[in-house]
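Here's the structure, in structure tokens; my notes come after.
To find a chain, count down the sequence lines: A is the first, B the second, and so on, and within it residues start at 1.
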Amino acid sequence: MAEAAEAVVDRSQMKVSDEVAIQITGMNKWYGAFHVLKDINLTVNRGERIVICGPSGSGKSTLIRCINALEEHQEGQIIVDGTELSSDLKNIDTIRSEVGMCFQHFNLFPHLSFLDNCTLAPIWVRKTPRKEAEDIAMHFLEKVKIPEQADKFPGQLSGGQQQRVAIARSLCMQPRIMLFDEPTSALDPEMIKEVLDTMIALAQDGMTMIVVTHEMGFAREVANRVIFMDQGQIVEQNEPESFFNNPQSDRTKLFLSQILGH
Amino acid sequence: MTNVSYVRTEMLPEKEPPLGQSGLVLWLRTNMFSNIPNSLLSLAAIYFIYLLLAGIVPWIFHGSWNVGSLSECREAIAAKYGDGAEGACLAVIRERFRQLIFGFYPQELYWRPILAFVLMLVAIAPVLFASLPRRALWFSGVYPFIGFWLYWGGTVWLPVVVLAGFAIGAAAMSILPRMVGSLGAMILAMLLPVIWWLTLAGATSDTMQSLLPISLEPVESAFFGGFMLSIIIGVTGITLSLPIGILLALGRQSHLFVVKTICVGFIEFIRGVPLITLLFVASTLLNYFMPPGTNFDLILRVMIMVTLFASAYMAEVIRGGLAALPKGQYEAADALGLDFWKATRLIIMPQALKITIPSIVSTFIGLFKDTTLVSIIGLLDPIGLSNAIRANQAWNGIVWELYGFIALMFWIFCFSMSRYSMYLERKLQTGH
């Protein structure tokens with residue numbers, strides 16, 4: 001794994017407030033008969049940067065996809081920003097416009113330019129006037145450092161650039177929470193850093209973030225809490241310092257020895 | 001032991017690619033005479049093309065334009081080029097040109113189909129070319145009613161009240177959601193226009209006509225024919241089958257059991273039946289189901305059948321495009337908070353349609369050529385007319401000239417559609 005987050009990270013801006021952003025209680029999920037998520041309890045405060053790691057198939061992606069209802073949970077309660085996720089479509093729409101998400105494969109819209117990718121949701125969901133939406137989009141494209149590519153199409157640029165635009169696209173909806181589903185797993189090593197730098201900048205602005213990733217360097221530098229999942233359960237969670245230096249469960253120790261072994 | 005240590009001290013600059021021989025000789029060598037079997041095949045192909053042209057070109061250039069019948073034509077050619085000379089009797093096209101284009105549409109009213117055709121081009125242009133002003137799409141929306149009025153004539157108020165029905169639906173769609181919810185509004189938006197058409201529309205049209213008579217001389221469907229008929233049926237089928245096909249494809253993917261079952265049932269039924277059967281149903285059977293005395297225009301019935309037939313194929317073509325989209329596109333749209341219809345309109349359909357352009361255009365071309373099948377139920381499309389022309393004593397026995405002309409006309413239409421689809425594909429290309 002690339003030790004990418006080597007830049008000195010300024011943690012002074014990353015304040016965790018007492019306000020609860022996400023509250024998950026007793027959540028269970030099944031795929032057919034397969035029990036993917038078992039009794040998940042998790043409280044995320046505003047301003048927290050949480051890294052979720054674990055072996056593949058441990059349910060970490062499924063967990064964060066439940067938070068914006070890309071996956072349905074069958075039991076338990078998820079409250080995002082005071083709104084409970086239920087089958088009520090109105091609640092789902094409210095939550096989705098508050099929660100941004102970045103995907104492993106970026107999922108940019110290939111038929112739209114980067115600028116249009118960024119302005120689409122503000123214009124059609126938030127009813128922002130086009131001019132204003134474009135200004136917001138350019139602001140965030142500058143933030144991810146590719147304003148000069150705004151008129152290009154996703155197919156024309158590198159994976160790292162695409163992922164940064166995908167982050168900008170989510171930010172244009174001005175979400176209060178950002179979810180990252182393995183944002184660097186599909187990238188070449190040289191491009192991982194540029195994406196992680198963007199995420200660090202976001203953390204420094206005080207964004208509440210839940211990140212599923214294998215980038216342990218990022219976890220160490222940025223996260224205030226690391227969660228280890230296995231077989232659909234939260235096995236261990238701790239501050240990064242203690243998590244990496246003094247893991248408690250055997251399963252965590254084994255995982256860390258494999259992932260940090262080289 | 002060899003020394004494996006190596007350090008590059010400077011990066012190599014880019015160089016020009018090696019210069020090849022260019023020009024005709026290189027082209028011929030690579031494309032036609034690259035080796036002995038290819039050379040033989042090329043020569044054989046050239047000889048075959050020569051034989052073909054040697055037959056066709058003199059046949060056309062020996063053609064006679066100014067005669068009145070097939071026998072006169074043969075005499076004229078024999079007199080000019082000697083006995084046994086072959087020549088096309090193109091006079092039949094000159095003499096029957098108007099018929100082949102307009103059917104038996106009254107000659108003094110030819111300006112109406114011509115105007116309708118020109119306006120059709122105007123209406124289609126903004127749909128085909130995105131660079132034209134979007135406001136022109138209003139005209140495209142209203143054109144079907146203008147076109148109908150120009151072709152069939154009668155009172156202007158009939159198309160107006162039909163159009164008013166759509167306006168009622170659109171108004172319901174924009175005003176009612178606040179009062180009765182979006183599903184209720186959608187149902188009412190479909191129901192209210194139907195109620196309007198069935199109850200008040202006819203009376204309103206009559207009243208308006210008596211108050212403010214504006215009408216064109218009515219022309220009955222029986223006089224319609226030739227390429228005009230092919231275009232009316234084909235263009236209607238093409239423009240309506242795409243939206244209906246999109247809805248059917250979406251319905252087929254729906255999670256709502258009833259919607260899904262209806263769509264699958266419709267698609268599978270229509271695709272499982274030959275078009276000619278549907279046309280016979282349109283021409284004969286349908287009347288049995290109508291209340292006695294209703295006179296439901298035959299061309300209208302045929303247009304409906306052709307449209308339904310093409311829609312079923314279109315639905316399957318578009319379903320292929322939908323299936324080809326990665327799931328991530330749906331998820332990204334969801335995650336941004338777009339609802340189903342917005343995601344479909346802005347994200348899913350533009351991509352699905354782009355992937356399927358070649359198949360969609362193939363379906364259009366197939367549909368346009370299939371309009372010739374209406375000759376079997378007695379409509380006088382170009383093929384139906386050619387049978388009628390050959391039944392005439394003067395032109396009895398003429399085959400190649402007529403069918404060649406009809407083929408050429410169809411080819412022009414179909415080839416332009418094919419070219420347009422290639423232009424569109426190039427224009428929509430956004431990767432790399």
> So which heavy atom on A:Met101 is nearest to which on B:Ala335, and how close?
Replying inline: CB-CB, 4.1 Å

> Which pair of heavy atoms, one from B:Ala332 and one from A:Phe109, lies closest together, and at what distance?
Replying inline: CB-CE2, 3.8 Å

> Do other residues, nucleotides or ligands put more than 12 heavy atoms under 6.0 Å from A:Tyr31 OH?
Replying inline: yes

>> Looking at A:Gln74, I'd like to know if its CD atom is crowded, meaning that more than 12 non-hydrogen atoms belonging to other residues, nucleotides or ligands lie closer than 6.0 Å.
In response: yes

> Given side chains that start at C-beta, do those of A:Pro110 and B:Gln329 come closer than 4.5 Å, heavy atoms only?
Replying inline: yes

>> Minimum heavy-atom separation for B:Leu336 and A:Val125, please, with both atom names.
In response: O-CG2, 3.9 Å

> With B:Glu331, which of A:Asn68, A:Asp181, A:Leu70 fulfils side chain to side chain contact (heavy atoms under 4.5 Å, CB included)?
Replying inline: A:Leu70

>> Quick check on A:Leu108 against chain B: is it the side chain, the backbone, both or neither that has a heavy atom closer than 4.5 Å?
In response: backbone

> Going through the checks in order, is the side chain to side chain contact (heavy atoms under 4.5 Å, CB included) test met by A:Trp124 and B:Arg345?
Replying inline: CA-CA 11 Å; A:Trp124 290 94; B:Arg345 181 153 72 95; 3.0 Å; yes

>> I'd like to know whether NZ of B:Lys342 has more than 12 heavy-atom contacts from other residues, nucleotides or ligands below 6.0 angstrom.
In response: yes

>> Heavy-atom pairs under 4.5 Å with chain B - which of A:Asp93, A:Thr94, A:Ile95, A:Leu120 has more of them than the others?
In response: A:Leu120

> Above 12 or not: heavy atoms from other molecules or residues under 6.0 Å from CD of A:Glu72?
Replying inline: no

> Checking A:Arg169 against chain B: side chain, backbone, both or neither under 4.5 Å from a heavy atom?
Replying inline: both

>> Just so I know, are the side chains of A:His111 and B:Leu428 near enough to count as touching, which here means a heavy-atom distance under 4.5 Å?
In response: no

>> Tell me if the CZ atom of B:Arg134 is crowded by more than 12 foreign heavy atoms within 6.0 Å.
In response: yes

> Which residue out of B:Asp339, B:Leu338, B:Ile347 racks up the most heavy-atom pairs below 4.5 Å with chain A?
Replying inline: B:Ile347

